[in-house]
Amino acid sequence: MAEAYLRRLSRWQAEQQRDAVADVHMVAYQGATGDDHRDRRGFLDRFERQVQRTGFDMVVADGGSLVGAAYGFRLERGDDWWSGLRGGLPSEIEELTASGRAFLLAELMVRPAHRRTGVATRMTELLLARLRTDLMVAAVDRPDAPVRVNAAAETLHSWGWSKLGELPPRPAPGAADIGAHYGTDVGTGGAAGPGSGREVWVRRPPR
């Protein structure tokens, strides 16, 4: 298998590549037991909105065709993404969000054939390397069964992220999150069901 090379996409380039990105999404989440946000149309609608968000940034992995993608945007004052966080939002995190210094890693996905090759790690590090932010944020689906291994959470932990808290299940299609099949360097487990909550993970950028 040829090594995938990474490249950044501008907002315009991301929009032009939306169908190729959707192809990766559908393959990465194939077989997931989810709701409408997993289907192609739902993904494209969500992606169209996310590309327009402040501070949108994206990295893709290309191995002749797209094999992976990672992207996100800045959380803003009044953003309802944190709504329902158990225990409430710490004042420090609220301040960073209000001042535009919190970046949400909205999606990280790799085709199954390229998992366990370091692609996810490389994409994430390149994406976050040039960000002028004080906090990186991600949400992962929590498996329905407590005995199930949450590969996504384990991957974030291995990358130096820490768990901040939990959010309720997605209120509607379009909520940004990294799905249960995101843990691309550690393989995939079964996806969380539509009623599952989400874990919020955060990381401070290296100084």
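Hydrogens, waters and symmetry mates are skipped; everything else that's a heavy atom, side chains included, is used.
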### Message
With rounding to the nearest 0.5 angstrom, report the CG to OG1 distance, L75 to T54.
### Response
10.5 Å
#### Entry: R40 side chain near D19 side chain, heavy-atom distance below 4.5 Å
yes
### Common cluster, L105/V140, ILVMFWY with side-chain heavy-atom separation under 4.5 Å
yes
### Derivation and outcome, salt bridge (charged side-chain N to carboxylate O under 4.0 Å, His left out), residues D57 and R11
CA-CA 7 Å; D57 205 351; R11 194 186 304 268; over 6 Å; no
### Query
Do the non-hydrogen side-chain atoms of P90 and L164 ever get within less than 4.5 Å of each other?
yes
### Query
Got a second to check how far L156's CG is from L108's CG, nearest 0.5 Å?
8.5 Å
#### Entry: T97 side chain reached by W81 side chain, heavy atoms, under 4.5 Å
no
### Query
Counting only N and O atoms by type, is there a donor-acceptor contact under 3.5 Å from the side chain of R8 to the main-chain atoms of L126?
yes
#### Entry: Donor on one side chain, acceptor on other, W159 and T121, under 3.5 Å
yes
### Query
Which is it for E15 and Q52 under the side chain to side chain contact (heavy atoms under 4.5 Å, CB included) test, yes or no, and what are the steps along the way?
CA-CA 10 Å; E15 291 175 333; Q52 302 305 318; 2.5 Å; yes
#### Entry: Exercise: identify the closest heavy-atom pair between M123 and G68
SD-C, 3.5 Å
### Query
Between the side chain of R86 and the main-chain N/O of G165, is any donor-acceptor distance below 3.5 Å?
no
#### Entry: salt bridge (charged side-chain N to carboxylate O under 4.0 Å, His left out) assessment of D45 paired with R49
CA-CA 7 Å; D45 288 345; R49 293 191 298 271; 5.5 Å; no
### Summary
dist E76:CD -> L104:CG (nearest 0.5 Å) comes out at 11.5 Å
### Query
Between atom CZ of R111 and atom CE of M26, what is the distance when rounded to the nearest 0.5 Å?
11.5 Å
## Note on the structure
Scanning both residues in full, the closest heavy-atom pair of A61 with A4 reads CB-CB, 4.1 Å
### Query
Any sub-3.5 Å donor-acceptor pair from R18's side-chain atoms to L44's backbone N or O?
no
### Query
Do other residues, nucleotides or ligands put more than 12 heavy atoms under 6.0 Å from the CD atom of Q16?
yes
### Query
For R203 and E125, what are the C-alpha separation, side-chain angles and deciding distance, and is it a salt bridge (charged side-chain N to carboxylate O under 4.0 Å, His left out)?
CA-CA 12 Å; R203 175 184 162 189; E125 291 304 315; 3.1 Å; yes
### Query
With a 4.5 Å limit on heavy-atom distance, are the side chains of T155 and W161 in contact?
no
### Query
Run the side chain to side chain contact (heavy atoms under 4.5 Å, CB included) check on F73 and V51 step by step: do they pass?
CA-CA 8 Å; F73 47 84; V51 167; over 6 Å; no
### Message
Just so I know, are the side chains of E107 and H25 near enough to count as touching, which here means a heavy-atom distance under 4.5 Å?
### Response
yes
### Query
Are D23 and Q17 side-chain neighbours, meaning at least one heavy-atom pair lies under 4.5 Å?
no
### Task
Following the transitive rule for hydrophobic clusters with a side-chain heavy-atom cut-off under 4.5 Å over Ile, Leu, Val, Met, Phe, Trp and Tyr, establish whether V24 and L9 coincide in one cluster.
yes
### Query
To the nearest 0.5 Å, what is the distance between CG (L167) and OG (S83)?
8.5 Å
### Query
Can you name the nearest heavy-atom pair linking Q50 to A106, along with the distance?
NE2-CB, 4.1 Å
### Task
Flag the pair L135 / R101 as yes when at least one side-chain heavy-atom distance between them is below 4.5 Å, and no otherwise.
no
### Task
Would you mind reporting whether R7 and V59 have side-chain heavy atoms less than 4.5 Å apart?
no
### Message
Can you give me the closest heavy-atom contact between V200 and L85, atom names plus distance?
### Response
CG2-CD1, 4.0 Å
### Query
What's the shortest heavy-atom distance between L96 and R204, and which atoms?
CD1-NH1, 3.5 Å
### Task
Of all the heavy-atom pairs spanning F103 and R74, show the shortest one and how long it is.
CD1-N, 4.0 Å
### Query
At what distance, to the nearest 0.5 angstrom, does NE2 of H114 lie from CZ of R116?
15.0 Å
### Message
Counting neighbours of CD on E48 that are heavy atoms of other residues, nucleotides or ligands and sit closer than 6.0 Å, is the number greater than 12?
### Response
no
### Query
Does the gap between the ring centers of Y71 and F47 come in under 6.0 Å?
yes
#### Entry: Linked, directly or transitively: M58 and V67 (ILVMFWY side chains, under 4.5 Å)
no
